[in-house]
Amino acid sequence: MVKRVFLVLIVLGLSVTGYAYWSAISDPVQRDTQITLAGWPEGAAPIRIVLISDIHVAGPDMPPERLERIVTRLNALEPDLVLIAGDFVSDKALSTHRYAAAEAVTPLAGLEAEYGVFAVLGNHDHWRDAPAFRAALPDAGVVLLDNEAVAAGPVALVGIGDDFTGHADVDAAMATASEIPGPVVVLSHSPDIVPDLPNPVALVAAGHTHCGQISLPIIGRLATASRYGERFACGQIDDEGQAVVVTAGLGTSILPIRLGVPPDFWVIELGPER
């Protein structure tokens, strides 16, 4: 009897692990939202923003070939602006292959967006080799923002450094945005910078939390990687009237599995009130 129960538990464990790995490598879910603003520039058309994060290029679940397929899918959406909220690579203990910075970001060269492709670094990028990413991303056509702002179509886009590794300088980044006309959109790896923003902005786009990556019935998310717990854990959040969007990301961290939390990306329509 004991042996039979033991075998059943082994089979059950293997089945759950197999399902969790299948979930990790499944096609990412597209999540859509519309955010309207009273102060949208007069005469400017709405823009379509695609937000991705936590790509975590590494074997076995996210080889560059899989990222290439995702890029093709994103281009079919004809985005005006692509935002990448960091963590291009992974250092999973069970990685079957680790890719250099240039190998990891090369597929992103295929991204097409009228107003450009912009990114910030994540904690894994800093832990691995931040200078290598600073060199590789421009070669892939991706503009890296580091506590600075640029004009991106009708919006002022602010890229804030990674809060998790102490690279965020919110005051410096927001100061540069004050000289650029248009609604302010903030891109940061971790959403934990939100309470530090001096003024509400049109949109904060972030990742890092993976929406927990593993979420169990009744128990819920095992972790959020945020010092604010569930406040910025996942999805579209109305934080005191400020729109925050946190994606679950495309890849995985620590283990190449997802349970109850599929990979996803966001399509955000940003424009004037109707």
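The shortest side-chain heavy-atom distance between Pro79 and Tyr115 does not fall under the 4.5 Å cut-off. For the pair Leu81 and Phe118, the minimum side-chain heavy-atom distance is below 4.5 Å. Side chains of Val204 and Ser188 form no contact here, defined as non-hydrogen atoms less than 4.5 Å apart. Two residues are said to be in side-chain contact when any heavy atoms from C-beta on lie closer than 4.5 Å; Pro181 and Pro41 fail this criterion. Taking the side chain as every heavy atom from C-beta outward, Val50 and Ile52 approach each other to under 4.5 Å. Within the 4.5 Å cutoff, the side chain of Pro183 has heavy atoms near those of the Leu37 side chain. Side-chain contact between Trp266 and Thr33: present, with at least one pair of heavy atoms (C-beta onward) separated by less than 4.5 Å.
With Met174 as reference, Val201 is the one residue of Asp169, Asn199, Asn147, Val201 to meet the side chain to side chain contact (heavy atoms under 4.5 Å, CB included) rule.
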* List the steps and the verdict of side chain to side chain contact (heavy atoms under 4.5 Å, CB included) for His126 and Leu121. => CA-CA 7 Å; His126 283 288; Leu121 296 182; 3.8 Å; yes
* Asked: Does the side chain to side chain contact (heavy atoms under 4.5 Å, CB included) test come out yes or no for Ile55 and Leu108, once each step is laid out?
  -> CA-CA 11 Å; Ile55 303 170; Leu108 300 175; 4.2 Å; yes
* **Verdict with supporting geometry, Val184 and Val158, side chain to side chain contact (heavy atoms under 4.5 Å, CB included)** => CA-CA 7 Å; Val184 176; Val158 185; 3.7 Å; yes
* Could you walk me through whether Val105 and Val142 pass the side chain to side chain contact (heavy atoms under 4.5 Å, CB included) test, one step at a time? => CA-CA 9 Å; Val105 305; Val142 179; over 6 Å; no
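One N or O on the side chain of Arg258 and one on the backbone of Gly251 form a donor-acceptor pair closer than 3.5 Å. Within the 3.5 Å criterion, the main-chain N or O of Arg227 finds a donor-acceptor partner in the side chain of Asp192. Not a single donor-acceptor pair under 3.5 Å links the side chain of Ser95 to the backbone N or O of His97. Proximity of a side-chain donor or acceptor of Thr209 to a complementary backbone N or O of Cys234 within less than 3.5 Å is not detected. Of the possible donor and acceptor atoms, one in the side chain of Asp162 sits under 3.5 Å from a partner among the backbone N and O of Thr165. No donor-acceptor pair closer than 3.5 Å links the side chain of Glu273 to the backbone N or O of Thr36.
Not a single side-chain hydrogen bond (donor to acceptor under 3.5 Å, both in side chains) links Asp27 to another residue, sequence neighbours left out. When the side-chain hydrogen bond (donor to acceptor under 3.5 Å, both in side chains) test is applied to Asp264, the partners found at least two apart in sequence or on another chain are Arg31, Thr247.
Counted within 6.0 Å of CD1 on Ile254, heavy atoms from surrounding residues, nucleotides or ligands total 12 or fewer; the atom is thus considered open. Within 6.0 Å of CD on Glu240 lie no more than 12 heavy atoms contributed by other residues, nucleotides or ligands. By the neighbour-count criterion of 12 heavy atoms within 6.0 Å, atom CD of Gln30 is densely surrounded, having more than that number from other residues, nucleotides or ligands.
Contact check on Asp80 versus Arg48 returns no salt bridge, with no Lys/Arg side-chain nitrogen under 4.0 Å from an Asp/Glu carboxylate oxygen. Ion pairing of Arg128 with Asp87 is absent here, as no side-chain N (NZ or NE/NH1/NH2) approaches a carboxylate O to less than 4.0 Å.
Ring geometry for Trp127 against His124 counts as perpendicular: the plane angle is over 60°, on a 0 to 90° scale with 30° as the lower cut. The aromatic rings of His189 and His208 sit perpendicular to each other, their planes meeting at more than 60°, with 30° as the lower class boundary.
With rounding to the nearest 0.5 angstrom, the CZ atom of Arg231 is 9.5 Å from the CD1 atom of Ile237.
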